[in-house]
Amino acid sequence: MEDKHHLEQNLRQLKLPGILENLDLRLKEAQENQIGYMEFLTLVIQDQMDQRNANTFQKNLKAARFGQIKTMEDFDFLFNKDAINAKKIRDLATCRFIDMKEPVIIAGPPGIGKTHIAKALGHEAVRRRYSVIFSKFYALMRMMEEAEINGNYIKIRRKITKPALLVLDDFALRKLSTKEAEFFYDIIDCRLGAGALIITSNRPLVDWIGTFPDPVIGGAILDRIASNAHKIIVNSVKDAKSFRKEGNKN
């Protein structure tokens, strides 16, 4: 017992809670099943790795700022099976687009699950240990404006453009101000080739240019985003049902 107590103290000092918490269970298994030294060592190290991975996941999930969590598992792909390409979404969930640093555009009428899909892809990215930030588009614009006023714009921009995946939800709900267009251009220009991007919008892609105060800036932004983007587009309310109107929780 004294040896076990000493071992537990050492595990605490070495900050190996995964081994410490499962030690009694592993010792019992070793005695009952005559587990060899190498197998026992493999098991206790795996316990530590599992806990470390779980802690990292929770830390990155919190940093992503999703708010309400949405996952691939709880999205109803059958609800709009003729309008939303489930295979394309599942392909995106492999996160290869993140490795390739490519943009994703999800556009269509309200209520069809755009935010759910965007959050679910972000959640899948966190599972695969990518860094992610989720933000409502206009909330981010307000944050950028406040950062410029407070003199820490570069710091905030670096924070926003650093993650492997940036998710911007509800773009083009209204026309952008000149400042918002400039901020958006700056973000897109910094992320081009440096990180992946997901943008959701209630507006069809063809209407986006009209939300910019300057069509030159708008054209430059859209050219960067749309030219090689993966697109999930639902053109009208006739093409897809609304989860909210149908009382579906998605």
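If you're wondering where the values come from, they're calculated on a predicted model, not measured in any experiment. Positions are given from 1 along the sequence.
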According to a hydrophobic-cluster definition based on side-chain heavy atoms being under 4.5 Å apart (Ile, Leu, Val, Met, Phe, Trp, Tyr only), do I209 and L168 belong together? yes
F57 and R127 have their tightest heavy-atom pair at CE1-CG, 3.8 Å
To the nearest 0.5 Å, what is the distance between CG on L165 and CZ on F97? 5.0 Å
Apply side-chain contact (heavy atoms from CB on, under 4.5 Å) to residues I187 and M144 and explain how you reach the verdict. CA-CA 10 Å; I187 291 170; M144 301 294 280; 4.0 Å; yes
Begin from the C-alpha positions of R26 and F40 and carry the test side-chain contact (heavy atoms from CB on, under 4.5 Å) through to its verdict. CA-CA 7 Å; R26 293 307 184 195; F40 179 79; 3.7 Å; yes
Identify whether the distance between the nearest side-chain nitrogen and carboxylate oxygen of D91 and K87 falls below 4.0 Å. yes
C190 to A194 - nearest heavy-atom pair and separation: O-CB, 3.6 Å
Walk me through it: do N60 and Y130 pass the test side chain to side chain donor-acceptor pair (under 3.5 Å)? CA-CA 8 Å; N60 291 343; Y130 293 98; over 6 Å; no
Would a 4.5 Å heavy-atom cut-off, applied to side chains only, mark F66 and D169 as touching? no
Taking the side chain from H123 and the backbone from A118, do they hold a donor-acceptor pair closer than 3.5 Å? no
What verdict does the side-chain contact (heavy atoms from CB on, under 4.5 Å) test give for L173 and N202, after you've listed the backbone C-alpha separation in whole Å, the side-chain angles of each residue and the deciding distance to 0.1 Å? CA-CA 7 Å; L173 286 177; N202 289 341; 3.5 Å; yes
For L197, run the side chain to side chain contact (heavy atoms under 4.5 Å, CB included) check against I105, I188, V167 and tell me which one passes. I188
Could you grab the distance from atom OH of Y153 to atom CE of M143, nearest 0.5 Å is fine? 10.5 Å
State, yes or no, whether a side-chain contact exists between L140 and F184 at a heavy-atom distance under 4.5 Å. no
Parallel, tilted or perpendicular: which fits the ring planes of H116 and F75, with parallel below 30° and perpendicular above 60°? perpendicular
Tell me whether the count of non-hydrogen atoms from other residues, nucleotides or ligands lying under 6.0 Å of CZ in R128 goes above 12. yes
K119 and Q68 have their tightest heavy-atom pair at NZ-O, 3.0 Å
Verify, without hydrogens or angle tests, whether K88 (side chain) and I232 (backbone) share a donor-acceptor contact under 3.5 angstrom. no
Would you say K114's side chain and P109's backbone share a donor-acceptor pair under 3.5 angstrom? yes
Looking only at atom types and distance, does a side-chain atom of R191 sit under 3.5 Å from a main-chain N or O of A196, one as donor and one as acceptor? yes
Note: I225 and P103 closest approach over all heavy atoms is O-CG, 3.2 Å
Would you check, one step at a time, whether the test side-chain contact (heavy atoms from CB on, under 4.5 Å) holds for F137 with E180? CA-CA 10 Å; F137 179 82; E180 287 170 340; 5.5 Å; no
A side-chain contact here means heavy atoms from C-beta on lying under 4.5 Å apart; do I69 and L61 qualify? yes
Give me each pair satisfying side-chain hydrogen bond (donor to acceptor under 3.5 Å, both in side chains) with a member in residues 207-234, each pair once, sequence neighbours excluded. E102-H230, Y185-R224, S201-W208
Which pair of non-hydrogen atoms, one from A181 and one from I217, has the smallest distance, and what is that distance? O-CG2, 4.1 Å
Write down the atom of F77, the atom of R90, and the distance for their closest heavy-atom approach. CD1-NH2, 3.3 Å
Can you check whether Q48 reaches P17 side chain to side chain, under 4.5 Å on heavy atoms? yes
Following the transitive rule for hydrophobic clusters with a side-chain heavy-atom cut-off under 4.5 Å over Ile, Leu, Val, Met, Phe, Trp and Tyr, establish whether L25 and I35 coincide in one cluster. no
Roughly how far, to the nearest 0.5 Å, is the CD atom of Q31 from the CG atom of N33? 10.5 Å
Please name all residues satisfying salt bridge (charged side-chain N to carboxylate O under 4.0 Å, His left out) with E182, sequence neighbours left out, ordered by chain then number. K179
Check R142 with E145, please: is the shortest side-chain N to carboxylate O separation under 4.0 Å? no
Do other residues, nucleotides or ligands put more than 12 heavy atoms under 6.0 Å from E73 CD? yes
At what distance, to the nearest 0.5 angstrom, does CG of L121 lie from CD1 of I89? 7.0 Å
Heavy atoms, side chains only, cut-off 4.5 Å: are T200 and D170 in contact? yes
Tell me whether I154 shares a hydrophobic cluster with L192, the cluster being built from Ile, Leu, Val, Met, Phe, Trp, Tyr side chains joined at under 4.5 Å. no
Would you give the length of the straight line joining atom CG of L205 to atom CG of L222, rounded to the nearest 0.5 angstrom? 7.0 Å
With rounding to the nearest 0.5 Å, note down the distance linking CZ in R157 to CD1 in I160. 11.5 Å
